[in-house]
Amino acid sequence: MRVSKALIPTVKETPQEAEIPSHKLMLRAGLMRKVAAGFYEYLPLGQKVILKINQIIREEMERAGAQEVLMPIMTPAELWQETGRWEKYGKELMRVQDRHERHFALGPTHEEVITDLVRRELKSYKQLPMNLFQIATKFRDEVRPRFGVMRSREFLMKDGYSFDVDDAAADKTYWIMVEAYKRIFKRCGLTFSPVEADSGLIGGSFTHEFMVLADTGEAAVAMCSACDYAANLEKALSVPTPHTANTVGGLFQKISTPGKHTVEDVGALLKLPAQQFIKTLVFIADGKPVVVLVRGDHDVNEVKVQNHLQAAELALASGDKVYEVTKATVGFAGPVGLTGVRIIADKTLQGGHQYVTGGLEKDIHLTNVEFGRDFAEPEWGDFRSVLSGDGCPKCGKPLKVGRGIEVGQTFKLGLKYSQPMHCVYLDEHGKDKEAVMGCYGIGVTRTVGATIEQHHDTDGIVWPIATAPYQIHLLLLNPAEPEVAKVADQYYEDLKQAGYEVLYDDRMEASAGFKFKDADLIGLPISVRVGARGLKEGLIEIKRRREKEVAKVPVSDVLAKVKEAADAEWKLCTP
RNA sequence: CGGGGCGUAGCGCAGCGGUAGCGCACUUGGUUUGGGACCAAGGGGCCGUGAGUUCGAAUCUCACCGCCCCGACCA
């Protein structure tokens, strides 16, 4: 493609609305434009990237035995009512009516539709396993769309659904899909981690989230430095660092701590480490107060607490509520003398001694507090979030906590949809049996954003070759000089002939500097620069976007050098 | 839905009661041409919308709409 004829509207200034690198760069490099909050137009470069990701997904899904279908975006309310999700899904489900005032939902996901399709077509166990997927536009009326493509209201998603004869067969399919996902993200040139995720109150089943590791990620992930253990912080386990004080001290004592209501403040005052403290937090679970105790250097993990309590709703209590429960202002809550409320404690507190806690009075803390002696043994459990440096639950080596962008999720559904929707087949004994399902999603547009989050620098995007809109950026630096232009034109033809996707910056009006800046911004993996200066010595410049050095090669070696660079790039996208 | 902020040229911004501006981008001509060139001449505005206040409103008041950030929520 010649830049002079292309719609690639790069901009120098960052639009005010963009906050994170991927959003800024997608607008600046001319990949997309916004139509309304959470709705975007993909321009030629953006669309090319999407098509490449789609293609990788298609190839790997088919390789794993799945077949592509296409389902409607508008889906009848009746299907959603069958599973109860018409009521349960909430405002995020975009609801519309047709001219006959019949209700529809713009699909945020398609479990109901696919299950309906399969129950009509599925007759015999001989048809199983069946694994179907589509790549289609999804709608979620997000409370707050943000970060460009990372959280939009309309987005492109690959959603796949598997149907198996029984649990064991479904497990097998599940792991095949996990392997397919690993290949997909590797082929996209991404550094990622499949992490164990929380499956919420549904329980029983298991699920993995595929996290692209990037500092701007919305989710926290604990990963082992030595083995393959990785889990969403919501459910990550660990062996915590041990206590310092391990003997029983004297009786507890009241001490005055005016105005000191954080572990940090009181710790500084008493010259004691944070792990010597019991942090006491009040939560409201389904309307009832619950007190949670964790070590001073730890954070409460709300998901673990919520799962333990089997609560539908859990939130930190307001200052008023805290006063109601503890009769003390926030910062002075403690377990000693606290009655009439359920108390749960993180098990890492167990075996520790001489704790410091709030004194249930303003400006009072207690020292030398002992579990069991100074207050009743609480309910023990795992209620804390993993910290960097904790031991891995599998191998004991240190864990590190990082951030990730969730680009895919695999989920074993079991009978969640096939049961209420009667998706059954006849087994070899002629008996009706429900199909065991799994579902597998990949946010395609989000993957574009995640790729940029992970692969960019101060000058622009640094595309992996597999998803780059073009592979080679050919720059004609002196378009006014016919000799130079002739050479560049020839390379344009030669490189295309050699099978490369080439973006040819042949613009007459743009200066060399301008073209360099644009090339860095757009970020194609390899650029070939043809200029008068180099040509005088018979040299052409080749540069990989991810590297600093520019290679000056004789005109006769250009194709060989480009191939070398391209091979090196492809190696980074090979499973 | 709570808290905060912003709507003025395509983009980034200034102006804050009295003639609507600047930089970039765009058009034309010329000079340039290796890291976002220069000169000259142009085009482009219901100052988000609607009501008020005022002799007079981009500017003050109120309402609405849109957009962004933090929170709640969420793939």
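Letters A, B, ... are given to chains in the order of the sequence lines, protein chains preceding strands, and every chain is numbered from 1.
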Output the single nucleotide from B:rC70, B:rC6, B:rA75 whose closest atom is nearest the side chain of A:R146.
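Among the listed nucleotides, the one closest to the side chain of A:R146 is B:rC70.
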Measure from the side-chain heavy atoms of A:A36 and tell me the nearest of B:rA75, B:rC67, B:rC70.
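The answer is B:rC67, which lies nearest to the side chain.
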Is A:E142 touching bases, backbone alone, or none of the nucleic acid, heavy atoms closer than 4.0 Å?
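Since a base atom lies under 4.0 Å of A:E142, the category is base.
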With a non-hydrogen cut-off below 4.0 angstrom, is A:S152 in contact with a base, only sugar-phosphate, or nothing?
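The answer is base, as A:S152 lies within the cut-off (heavy atoms under 4.0 Å) of a base atom.
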Hey, which sits more toward the 5' end of RNA chain B by its nearest nucleotide, A:V35 or A:E92?
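Closest to the 5' end, via its nearest nucleotide, is A:V35.
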[N] pairs with, by Watson-Crick or G-U criteria that keep both distances under 3.5 Å:
{"N": "B:rG44", "value": "none"}
{"N": "B:rG23", "value": "B:rC11"}
{"N": "B:rC62", "value": "B:rG50"}
{"N": "B:rA37", "value": "B:rU31"}

Would you kindly give the CD-to-P distance between A:E13 and B:rC11, to the nearest whole Å?
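So the CD-P distance, A:E13 to B:rC11, works out to 11 Å.
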Qualifying residue, where the test is ring-ring contact (aromatic ring centres under 6.0 Å, His included) with A:H208 and the options are A:Y181, A:F185, A:F192, A:W175:
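When A:Y181, A:F185, A:F192, A:W175 are each tested with A:H208, the ring-ring contact (aromatic ring centres under 6.0 Å, His included) holds only for A:W175.
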Nucleotide-resolved protein contact map, nucleotides 29-45 of chain B, B/S/- at heavy-atom distance under 4.0 Å:
----BBBBS--------
If you apply the rule ring-ring contact (aromatic ring centres under 6.0 Å, His included), what do you find for A:Y174 with A:F206, and how did you get there?
CA-CA 10 Å; A:Y174 181 88; A:F206 48 93; 4.7 Å; yes
